*Asks:* 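Okay, here's the structure, questions in a sec.
On a predicted model such as this, the values are computed, not experimentally measured, just so you know. Within every chain, numbering begins at 1; the chains are lettered A, B, ... in the order of the sequence lines, protein sequences first and strands thereafter.
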There are 2 protein chains.
Amino acid sequence: MNKDNQTDQIILEAARRVFQRSGYGGARMQEIANEAGINKASLHYYYRSKEKLFQTVYRQDIKVFLVPLVGILRDPFLTLEVRMRTFVGSYIKTLLKNPGLPLFIMQELSSNPGRLISLVEDHVPGVRSRSADEEESPMLAVFIGQIRNGMDDGSCNKVDPEQFILSMISMCVFPFVGRPLIRLLLKKGEQEYRDFLARREEEINEYLHRILFRNHQPIDGPRY
Amino acid sequence: MNKDNQTDQIILEAARRVFQRSGYGGARMQEIANEAGINKASLHYYYRSKEKLFQTVYRQDIKVFLVPLVGILRDPFLTLEVRMRTFVGSYIKTLLKNPGLPLFIMQELSSNPGRLISLVEDHVPGVRSRSADEEESPMLAVFIGQIRNGMDDGSCNKVDPEQFILSMISMCVFPFVGRPLIRLLLKKGEQEYRDFLARREEEINEYLHRILFRNHQPIDGPRY
DNA sequence: CTTTGGTTTAACTATTTAGTTTAAAACAAT
DNA sequence: ATTGTTTTAAACTAAATAGTTAAACCAAAG
């Protein structure tokens, strides 16, 4: 009986676009229906309510956004250098495919923390726990440990590990969050800005090396 | 006749909080009235419509957010090193006072670029112009020129100036945009995170020096 | 071809929300 | 006190929007 139906997927993608553009409060069910090319009643047929539809979308988006991030940050088998490279590379690529993701996630998390924190926790086990035997962010324990070791054995410059990690994340994510403003500032067209972001991966890696590694020799080459 | 009235200011601040929390679409006039401790009718007495109230708030916020940024970026009298220091210092301080600002601005800019680009341009003259005699972002021409000079005379390492400037902005702004998520990741309380951000200024300065200046010696000192 | 069950649609209802009206209270100046 | 103006509050209206219903549609099974 089941029509080989992608309708629910079409709806989900349409809803994602609209929610990302306008947020939960600003999104209209009618607009989502139009975007999906269906009737508004069908929307309620597939997803009981706006809230339900939103949660489905948001859950997926959190997963896409957070799972790779957290996975790489606390993978116990990566060296410090590879961890950084992998993080930057995988993150820029994820975000190039989903440019609207981070702003959307931050938006909703900020307007309704209570309702959504639990969703975050589903995908990032251990965010809440702060048990006595773990002195600090267990999420980042390995990463921070590697940086501390590097500072002790002289291979790393002095940094506050948390500030360093936050800087790494900032350099990757902010260009997407601040896209419209930065595009205005740099006077770049849509495609031009995409290229700019694609080139950004290696530039960030170079910066992070200059910050962290004592023996790193800044690359040379043709001036930009 | 005029009661020495702060009511319109109280309304404006209440509206700012609600708009920053929920965005234009998600904000409710009733909620703003409650937040200001007045009746909804008084809201319309002071500000004719939601749109009008929003524009007043948004205009001010863009000013607070952009004017110092742009001012420092293109001040013709600052040296490269002072420009960077001043930018980071003044920006972190501005944002500590208005933590919700950047997310709010990005949000609305993304959901309604057309309506707002013109507001941005009011405060940032020259954003639109791309005349033939200006080869690139005139907004950043001086800053970029200084970096190029530094690379030519050997005092600066090789960077893409635009990527470098974007990194500087990212490190300053993202910790505020991503606040809820980063707080979760670092497991910091509200006050703890504020302190963390206050310490961030000098850490960013150090990072930027390591990236850009050829002869910079990484500071030493007690491990974090 | 007709029954059956999921799917789609147009029209409808209920609720929320921006904005208005009106009248009373508060206030300032005389 | 008196008067005229500004401000406030409650109740109201109009519009927008989430959600429902019931009938039509359609594809597969009998």
*Asks:* Counting the benzene-type ring for Trp, do B:Y193 and B:F176 have ring centres under 6.0 Å apart?
*Replies:* no
*Asks:* Would you give the length of the straight line joining atom CZ of B:F65 to atom CG of B:N98, rounded to the nearest 0.5 angstrom?
*Replies:* 10.5 Å
*Asks:* Just to be sure I understand the geometry, which residues of residues 30-38 of chain B put a non-hydrogen atom under 4.0 Å away from DNA chain D?
*Replies:*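 Correct list: empty, so none.
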*Asks:* Whether B:S42 contacts D:dT6 is assessed here as follows: a side-chain N or O lying under 4.0 Å from the phosphate OP1 or OP2. Is that the case?
*Replies:* no
*Asks:* What distance do A:F87 atom CZ and A:D75 atom CG have between them, rounded to the nearest 0.5 Å?
*Replies:* 13.0 Å
*Asks:* Restricting both atoms to N or O, compile the protein contacts to nucleotides 11-17 of chain C shorter than 3.5 Å, with distance only.
*Replies:*
from   : atom 1 : to    : atom 2 : distance (Å)
C:dT17 : OP1    : B:R28 : NE     : 2.8

*Asks:* Under a 4.0 Å threshold between the charged nitrogen and the carboxylate oxygen, would B:E203 count as salt-bridged to B:R200?
*Replies:* no
*Asks:* In this structure, how many angstroms lie between the P atom of D:dT7 and the CD atom of B:Q9, rounded?
*Replies:*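 Computing the B:Q9:CD to D:dT7:P distance gives 14 Å.
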*Asks:* Would you please confirm or rule out a distance under 4.0 Å between OP1 or OP2 of C:dT8 and any side-chain N or O of A:Y46?
*Replies:* yes
*Asks:* Hey, what's the ring geometry for B:F19 with B:Y24, parallel, tilted or perpendicular (30° and 60° as the breaks)?
*Replies:*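 Geometry flag for B:Y24 against B:F19: parallel rings.
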*Asks:* Nearest whole Å is fine: how far is C:dA23 P from B:Y45 OH?
*Replies:* 17 Å
*Asks:* Would you check if the side chain of A:R74 reaches a backbone N or O of A:F143 as a donor-acceptor pair within less than 3.5 Å?
*Replies:*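 Checking the backbone N and O of A:F143 against the side chain of A:R74, no donor-acceptor pair under 3.5 Å is found.
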*Asks:* What distance separates B:L186 CG from A:L166 CG, expressed to the nearest 0.5 Å?
*Replies:* 6.5 Å
*Asks:* To the nearest Å, give me how far apart CG (A:L43) and P (D:dT20) are.
*Replies:* 12 Å
*Asks:* Please report, rounded to the nearest Å, how far the P atom of C:dA18 is from the NZ atom of B:K52.
*Replies:*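 That distance rounds to 17 Å.
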*Asks:* Before accepting this row, confirm whether a basic side-chain N of the pair A:E35/A:R28 lies closer than 4.0 Å to the acidic partner's carboxylate O.
*Replies:* no
*Asks:* Can you check the A:H44 NE2 to C:dT7 P distance for me, whole Å?
*Replies:*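 Distance, rounded to whole Å: 17 Å.
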*Asks:* Figure out the CG/P separation between B:D8 and D:dT6, and round it to whole Å.
*Replies:* 15 Å
*Asks:* Grab the two heavy atoms, one from B:K187 and one from B:E192, that are nearest each other, plus how far apart they are.
*Replies:* O-OE1, 4.2 Å
